[in-house]
2 protein chains.
Amino acid sequence: MTPARQRYDQESLLAVAAQVFTERGYDGTSMEDLAKVTGITKSSIYHHVQSKEELLGIGLDRALDALFAVFDEPASMDGKAVERLRHVVRRTVEVLVAELPYVSLLLRVRGNTATEQRALDRRRTFDRAVRALFAEAIADGDLRAGLDPALTERLVFGMINSTVEWYRPRSEITVDDLVGAVLAIVDGLRR
Amino acid sequence: MTPARQRYDQESLLAVAAQVFTERGYDGTSMEDLAKVTGITKSSIYHHVQSKEELLGIGLDRALDALFAVFDEPASMDGKAVERLRHVVRRTVEVLVAELPYVSLLLRVRGNTATEQRALDRRRTFDRAVRALFAEAIADGDLRAGLDPALTERLVFGMINSTVEWYRPRSEITVDDLVGAVLAIVDGLRR
DNA sequence: GTCTATAAATTGATAGAC
DNA sequence: GTCTATCAATTTATAGAC
């Protein structure tokens, strides 16, 4: 029995595309590259998506939806700001790992097209919400006084986001190790 | 008197190219894009460089040379590891800002070509040197016990590197503000 | 859902004049 | 140092058959 050749739907195609886009960059990946990796032809790919840019757009939305969902969790809404912040940090790291290819894609987007611009806008909205949490936690006196909320948010989430560059699930480093290391640094900011 | 049109040499061309490569990505920038931005033709650009990839290579070397030079500074070689580490952190941030377009370029490279691979190799060498400093500072008992040197190095320098995404000189945030905020986080790791 | 064939535009790069 | 003209290869995308 010859092994049945992989057949794709939009979902499975997207999974491969996000991975390749992340490895070589979106602009550095041609539809021909994608055809080689998937083992189907360019034409077949166009059966599943209208354009290369649509493939990107779907991937970006997936990452953004997962990130925004963190704010809808109960622990993001109740309690002291510093605890809500710790929860958002923890869950952001977990979402980043769970949706690694899509979040990687998001973090590499430059705004070259309308699709990319839209994603950047949504991402800025997310950043603003996190920044408000930092501001509140500092105002509560639970983080060191004198910290700049905007600057601190950028550094802490820049740190978190940078993990897409090297972290891979099923390495010796578990997600909990990663969350722990990030929270250790955040907790260094407590008064 | 009509204003004399800009004339380029390799240096001034590189400055523009690094900027545009950073904004749109290397693969997302065509020679035609570069021609439009510089106001000269593609042919004229090829008078200054042999290829688009050479333009990238020169920019990457500029960033890497500046970063490695930090380790040759006296303060990187004398004293306790934790103090040498703080100096490398401070100076890396300063170099990053001083050579912002070139360092941005470096941090976006994916390894798609031999030129990019070479740059990634040099960058890994830099990371290893920093990691050794973290390990030494932890062994000295000057950073919290239990910190993983490799993980901590990745997070802290991921944080530093992420600043290329948003920091711009001559904003209200001075380089010293930025260095201060980064060192505040690093100092949160001291025992 | 996948294929072959092909179009239309863009891309990196060169030749040779001023 | 810059230009016009041009090329060969690649790129995104479509038409139509199986």
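Chain A is the first sequence line, chain B the second, and so forth, proteins listed ahead of strands; every chain is numbered from 1.
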Inset, instruction - Report yes if at least one side-chain N or O of A:His47 is closer than 4.0 Å to OP1 or OP2 of C:dG1; otherwise report no. - result: yes
Legend entry - Proximity to the side chain of B:Arg7 - top-ranked nucleotide from D:dG1, C:dT2, D:dC3: D:dG1
Inset, instruction - In whole angstrom, give the distance that lies between atom CD of B:Glu11 and atom P of D:dG1. - result: 13 Å
Inset, instruction - May I have all residue pairs that pass salt bridge (Lys or Arg N to Asp or Glu O under 4.0 Å) and include part of residues 137-147 of chain B, sequence neighbours excluded? - result: B:Lys80-B:Asp142
Legend entry - Distance-only side-chain donor-acceptor flag, A:Gln6 / A:Thr38, under 3.5 Å: no
Inset, instruction - Round to a whole Å and report the spacing from CG of B:Asp33 to C1' of C:dT11. - result: 10 Å
Legend entry - Check ion pair A:Arg154-B:Glu165 (N to O, under 4.0 angstrom): no
Legend entry - Value in whole Å for how far the C1' atom of C:dT14 lies from CD1 of B:Ile45: 14 Å
Inset, instruction - Spell out protein contact along nucleotides 12-18 of chain D as letters: B when the base is contacted, S when just the sugar-phosphate is, - when no protein heavy atom is under 4.0 Å; keep the 5' to 3' order. - result: BBBB---
Inset, instruction - With heavy atoms under 4.0 Å as the rule, sort B:Gln10 into base, sugar-phosphate or nothing. - result: nothing
Legend entry - Cation-pi check, A:Lys52 onto A:Tyr26 ring (under 6.0 Å, within 45° of axis): yes
Inset, instruction - Apply side-chain hydrogen bond (donor to acceptor under 3.5 Å, both in side chains) to B:Arg110 and list each qualifying residue two or more places apart in sequence or on a separate chain. - result: none
Legend entry - Test item: A:Thr115 side-chain N/O and A:Gly57 main-chain N/O as donor-acceptor pair under 3.5 Å: no
Legend entry - OP1 or OP2 of C:dC3 under 4.0 Å from side-chain N/O of A:Arg5: yes
